[in-house]
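Here is the naming used below: chain letters follow the sequence lines, and residue numbers restart at 1 for every chain.
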Amino acid sequence: MKVQLLKRTFLSNQTQLISQKIVQWYLDNGRHDLPWRQKVTPYRIWISEIMLQQTQVKTATPYFKSFIKKYPTQKKLSRASEDQILALWSGLGFYRRARNIFKTKEIIKEKYNNKFPKEFHQLLELPGIGKSTAGAIMSLGYRNPHPILDGNVKRVITRLVNQNLNLIKERELWKLSSQFVNKDNCFAYTQGIMDLGATICTPTNPSCKDCPVQNQCASAFNITINKNKRVAKLKKIIPMNLSLIQTKDSLLLVKNEDSSIWKNLWIPFETRSLKNYAGVFKLTSSQEIQHELTHRVLNISLNTYLSESESKINTNKKYKWIKKDRIDQYGLPKPISKVINEL
DNA sequence: AAGTCGTGGGG
DNA sequence: TCCCCAAGACT
């Protein structure tokens, strides 16, 4: 009993020392120029955290800027349509995040009168906000200490205690993460441990010599890089036959409501659904596009057609003739916007 | 609990 | 070239 208590106290001293060192390192060496670190509000933290899920800072930054430019506040966002939000998400990927932002802002409007909720359990109920994102919003947006567990934190803390990230269980990771949380400056700590993971304690070639907690780290200068033990599965190949119809100044696109990939984004018609329009549209080009997703390969056969006018299409799908100069108002998958830009 | 969901970049 | 991974959540 006594030994355990001593052991706990020692561990607590050690984790708090590490936590404080990370805070100090962040204040001196952190990436203070990131856009979501200026004018910190729960709303801005929320948008940034969602955008940064599985997405690198460099990739998310321009999207964050244009999103905040259009919707600087919760109230401004409250009037947005899902289409408008998806338009700002075009090319960023994981589009469910954008659909969930729409759902969440609707809930915040109806249930919280456009005031961002303050309680951890309230955040957890919102679509797209899991335990880690909720913790980040609490620590960063409200300066209310909560653990987070993203890729950076997992890597840093398992290295600190010299455990194998592939073997340690999720709940052990959460337990570890909460031990390091800094009650005095949870903002600097939370930002700091992520910056540390992103810039010093990197997946490969970590620079331990620059690390503020090298003396406390059980694997300093002796990092073993985890190999993914899971065998890479063969990607399923998905054929898509699409027909992009255009007039001089507009494009015919369909809302992709039925598929789980690119759900609610706008894409060209499926070729087979346009069989009856052979005389109406004039084939101008065809091309093969191979587009890789995480688990699939899309083989897109794309035909481009010219139409004299914005014909009415006989279908129950939701389609639109979209003016080319307004195409940026619609959510498009990357390969589709690429093709359209090349027209 | 293993798959699903995008896209870009690094080694 | 190929594999891995990135401020994960959801099913």
Side-chain angles (χ1 to χ4, degrees), chain A residues 26 30-31 34-37 44-64 86 89-101 103-104 123-141 146-157 165-166 169-171 173-174 177 187 189-199 201-206 225-236 238 256 259-265 267 290-298 331-338:
Chain A
Y26 172 73
R31 298 177 291 180
L34 302 179
W36 44 90
R37 291 185 187 174
R44 290 164 58 101
I45 295 292
W46 168 47
I47 299 299
S48 70
E49 286 299 324
I50 301 298
M51 281 190 176
L52 287 161
Q53 287 170 0
Q54 299 291 282
T55 307
Q56 294 186 331
V57 165
K58 191 180 172 188
T59 308
T61 296
Y63 284 86
F64 178 81
L86 280 169
W89 218 268
S90 282
L92 189 55
F94 284 152
Y95 298 98
R96 181 170 60 177
R97 296 182 294 177
R99 284 179 256 123
N100 280 338
I101 282 183
K103 287 184 193 166
T104 285
L123 298 179
L124 257 190
E125 288 173 1
L126 298 170
I129 299 183
K131 207 173 161 186
S132 188
T133 300
I137 295 173
M138 292 304 286
S139 286
L140 303 174
H146 283 264
I148 62 170
L149 194 59
D150 61 356
N152 289 312
V153 174
K154 286 180 183 174
R155 188 171 59 255
V156 172
I157 62 181
L165 186 46
N166 287 334
K169 290 190 170 132
E170 192 79 2
R171 53 163 310 194
L173 286 169
W174 274 108
S177 174
F187 182 90
Y189 165 75
T190 304
Q191 299 286 18
I193 192 163
M194 289 192 283
D195 279 8
L196 191 62
T199 64
C201 197
T202 48
T204 56
N205 302 322
I225 306 300
N226 297 321
K227 287 255 182 178
N228 196 340
K229 57 185 173 173
R230 294 183 52 75
V231 183
K233 285 186 71 175
L234 209 57
K235 290 187 185 181
K236 188 192 267 187
I238 313 283
N256 189 33
S259 160
S260 57
I261 295 174
W262 298 337
K263 184 176 163 63
N264 286 1
L265 275 65
I267 63 173
Q290 187 170 87
H291 184 75
E292 293 211 25
L293 309 180
T294 310
H295 300 290
R296 309 208 167 153
V297 177
L298 307 181
L332 307 179
K334 196 66 181 181
I336 302 304
S337 60
K338 182 167 184 288

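Closest to the side chain of A:Ile261, from the set B:dG8, C:dA9, B:dC5, is B:dC5. For A:Gln56, taking side-chain heavy atoms from C-beta onward, the closest of the listed nucleotides B:dG6, C:dA6, C:dA7 is C:dA6. With distances taken from any side-chain atom of A:Arg296 to the nucleotides C:dA9, B:dT4, C:dA6, the minimum falls on B:dT4. Among C:dA6, B:dC5, B:dT7, the nucleotide with an atom closest to any side-chain atom of A:Trp262 is B:dT7. Relative to the side chain of A:Asn100, the nucleotides C:dC10, B:dG6, C:dA7 differ in distance, and C:dC10 lies closest. Of the candidates C:dA7, B:dT4, B:dT7, B:dT7 carries the atom nearest the A:Tyr95 side chain, counting heavy atoms from C-beta on. Distance from the side chain of A:Pro333 is smallest for B:dT7 among the nucleotides C:dA7, B:dT4, B:dT7. For A:Pro335, taking side-chain heavy atoms from C-beta onward, the closest of the listed nucleotides C:dA7, B:dT7, C:dA9 is B:dT7.
Between A:Leu126 and A:Leu52, the residue anchored closer to the 5' end of DNA chain C is A:Leu52, taking for each the nucleotide with the nearest heavy atom. Map A:Thr204 and A:Gln54 each onto its nearest nucleotide of DNA chain B; the residue landing nearer the 5' end is A:Gln54. Place A:Asn205 and A:Ser260 on DNA chain B by their nearest nucleotides, and A:Ser260 ends up nearer the 5' end. Checking A:Phe94 against A:Ile225, the closest nucleotide of DNA chain C that is more toward the 5' end is the one next to A:Ile225.
Between A:Lys236 and B:dG3 there is no side-chain N or O to OP1 or OP2 distance below 4.0 Å. The side chain of A:Arg96 contributes no N or O atom lying less than 4.0 Å from OP1 or OP2 of C:dG8. For the pair A:His295 and B:dA2, the criterion of a side-chain N or O lying under 4.0 Å from OP1 or OP2 is not met.
Across the protein-nucleic acid pair, A:Asp150 atom CG and C:dA6 atom P stand 9 Å apart, rounded to whole Å. For A:Leu265 and B:dC5, the CG to P distance is 13 Å, given to the nearest whole Å. Per the geometry, CE belonging to A:Met51 stands 14 Å off C1' belonging to B:dG6, to the nearest Å. Atom CG of A:Leu298 is separated from atom P of B:dT7 by 9 Å (rounded to the nearest Å). Distance, A:Leu293 CG to C:dA6 C1': 16 Å, rounded to whole Å. Rounded to an integer number of Å, the gap from A:Lys263 NZ to C:dT11 P is 12 Å. Between the C1' atom of B:dG6 and the CG atom of A:Leu86 lies a distance of 13 Å, rounded to the nearest Å. Counting to the nearest Å, the P atom of C:dA6 and the CG atom of A:Asn152 are 7 Å from each other.
Of all heavy-atom pairs spanning A:Arg97 and A:Leu52, the tightest one is NH1-N, 4.4 Å. The two residues A:Ile157 and A:Leu149 come nearest to each other via the heavy atoms CD1-CD1, 4.3 Å. What you find for A:Ser90 and A:Leu332 is that their closest heavy atoms are OG-N, 2.8 Å. Of all non-hydrogen atoms in A:Arg155 and A:Gly197, the two that sit nearest each other are NH2-O, 2.7 Å.
On a pure distance criterion of 3.5 Å, a polar donor-acceptor pair joins the side chain of A:Thr294 and the base of B:dG6. Scanning atom types as modelled, no donor and acceptor separated by under 3.5 angstrom connect the side chain of A:Arg97 and the base of C:dA9. For A:Thr55 against B:dG6, a side-chain-to-base donor-acceptor contact under 3.5 Å is present.
Nucleic acid contact for A:Arg99: none, since no nucleic acid atom lies under 4.0 Å from a heavy atom of the residue. A:Trp36 comes within 4.0 angstrom of a base, heavy atoms only. Across all strands shown, A:Val57 has heavy atoms under 4.0 Å from base atoms, whether or not it also approaches the sugar-phosphate. Among the atoms of the strands shown, only primed sugar atoms or phosphate atoms (P, OP1, OP2) are found under 4.0 Å from some heavy atom of A:Gly91. Among the heavy atoms of the strands lying under 4.0 Å from A:Arg37 is at least one base atom, whether or not backbone atoms are also near. Contact annotation for A:Ser48: no contact, since no heavy-atom pair falls under 4.0 Å across all strands. Residue-level contact check: A:Glu170 touches neither bases nor backbone, having no heavy atom under 4.0 Å from any strand. Within the nucleic acid shown, A:Ile129 comes within 4.0 Å of sugar-phosphate atoms alone, with no base atom in reach, counting heavy atoms only.
By the 6.0 Å contact criterion, NZ on A:Lys235 is enclosed, its count of non-hydrogen atoms from other residues, nucleotides or ligands being greater than 12.
For the residue pair A:Arg37/A:Gln191, the side-chain donor-acceptor check at 3.5 Å is satisfied.
Rounded to the nearest Å, the gap between the P atom of B:dG6 and that of C:dT11 is 14 Å. Only the P atoms considered, C:dA7 is 14 Å distant from B:dG11, to the nearest whole Å.
Relative ring orientation between A:Trp262 and A:His291 is described as tilted, the plane-to-plane angle lying within the 30° to 60° band.
Between A:Trp46 and A:Ile129 there is a side-chain heavy-atom pair separated by less than 4.5 Å.
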